[in-house]
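Notes for the one structure printed next.
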Amino acid sequence: HSPARQVGAAPAAHLSKVRHARPMLSLDNAFDEEAVRDFVGRVRRYLNLAGDAEVALIAEPKIDGLSCSLRYENGALALAATRGDGTTGEVVTDNVRTIADVPQRLQGEAPEVFEIRGEVFMSKADFAALNARLLAECEDPARARQFANPRNAAAGSLRQKDAAITASRPLRFYAHGWGEASALPADSQLGAMRAIAGWGVPIADDLERFTDLDGLLAYYRAIEAKRADLPFDIDGVVYKVDRLDWQRRLGQVAKAPRWAIAHKFPAERAETILRAIDIQVGRTGALTPVA
């Protein structure tokens, strides 16, 4: 676990594949408040609850990053993998070891096997600084390779064959759930996430529990209002049923759990000035105008 070993791995010829012990599912989306109300109604109906029965939900910002799974065995980081197609991902263990937010060993008492899942991302400020550095390092600024947005920068940095390149990029990690686990540290989503934070893995600061729909939707509107001021990009809010026994009963459909949903934000809109239009010529001769 020497720090020197975190960036000392030889460049990989390719990223090997690994099959996830538990699939890394995607989330169904809600684009308005009525869809969120329908989601809560479906949860009640599936669990045969009364129409006014309390359903506690956890809400957290949906960070726009690259999904990653961290497998800890006896408290030590043993494997890190991207989501891939949800069933099979790419092994990025050496690269993930260079991320300061990811502990090489969990603090305190952790289960024998525990897969922590979350998002690898880059803050807005770090993204701007990285692009500025790439521009400064290029002899010909016109040929400088820069990233289009923080998500692309995070994905490109994490999937490098040379871990030393990943180490030079300012990547962050926030946990939002788990995969395979030999034991669970709590019987609720909130309790388990607090346990993960106690092991030394960052989680979202704005993680909150709600028992009423009005409070849940007010949280969404508050997060949306401060979206532009957050240090990282988000594209919505995720709601999850808090009780883990209810999560197990609800199960999943083909590619998404029944106990969670992503309430997406509308596309950001702003006034801008069109300064010029360039015409890009594709390899087939197609002409594409670029503002």
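These numbers were taken from a predicted model, which means no experiment stands behind them. Throughout, numbering of the chain's residues begins at 1 and tracks the sequence.
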Beyond-backbone contact of Q146 with L130, side-chain heavy atoms, under 4.5 angstrom = no
ask   = Are the side chains of K124 and P231 in touch, meaning some heavy atoms are under 4.5 Å apart?
value = no
ask   = Which of these, F127, F173, Y174, sits in a ring-ring contact (aromatic ring centres under 6.0 Å, His included) with F121?
value = Y174
Do any side-chain atoms of residues 185-203 form donor-acceptor pairs under 3.5 angstrom with protein atoms, and if so which ones, sequence neighbours left out?
{"unit_1": "S188", "atom_1": "OG", "unit_2": "G191", "atom_2": "N", "d": "3.0"}
{"unit_1": "Q189", "atom_1": "OE1", "unit_2": "Q247", "atom_2": "NE2", "d": "3.0"}
{"unit_1": "W199", "atom_1": "NE1", "unit_2": "E109", "atom_2": "O", "d": "3.2"}

key: Enclosure of I273 CD1 (heavy-atom neighbours >12, cutoff 6.0 Å)   = no
Charged N to carboxylate O under 4.0 angstrom, [X] versus [Y]?
| X | Y | answer |
| --- | --- | --- |
| E73 | R71 | yes |
| D28 | R42 | no |
| R209 | D242 | yes |

Please tell me whether [X] and [Y] form a close aromatic pair, meaning their ring centres lie under 6.0 Å apart.
| X | Y | result |
| --- | --- | --- |
| F210 | Y219 | yes |
| F114 | Y72 | no |
| Y220 | Y239 | no |

key: All salt bridge (Lys or Arg N to Asp or Glu O under 4.0 Å) counterparts of E112, not counting sequence neighbours   = none
request  = Could you list the residues that satisfy side-chain contact (heavy atoms from CB on, under 4.5 Å) with Q160, not counting sequence neighbours?
outcome  = N95, I165, T166, R169
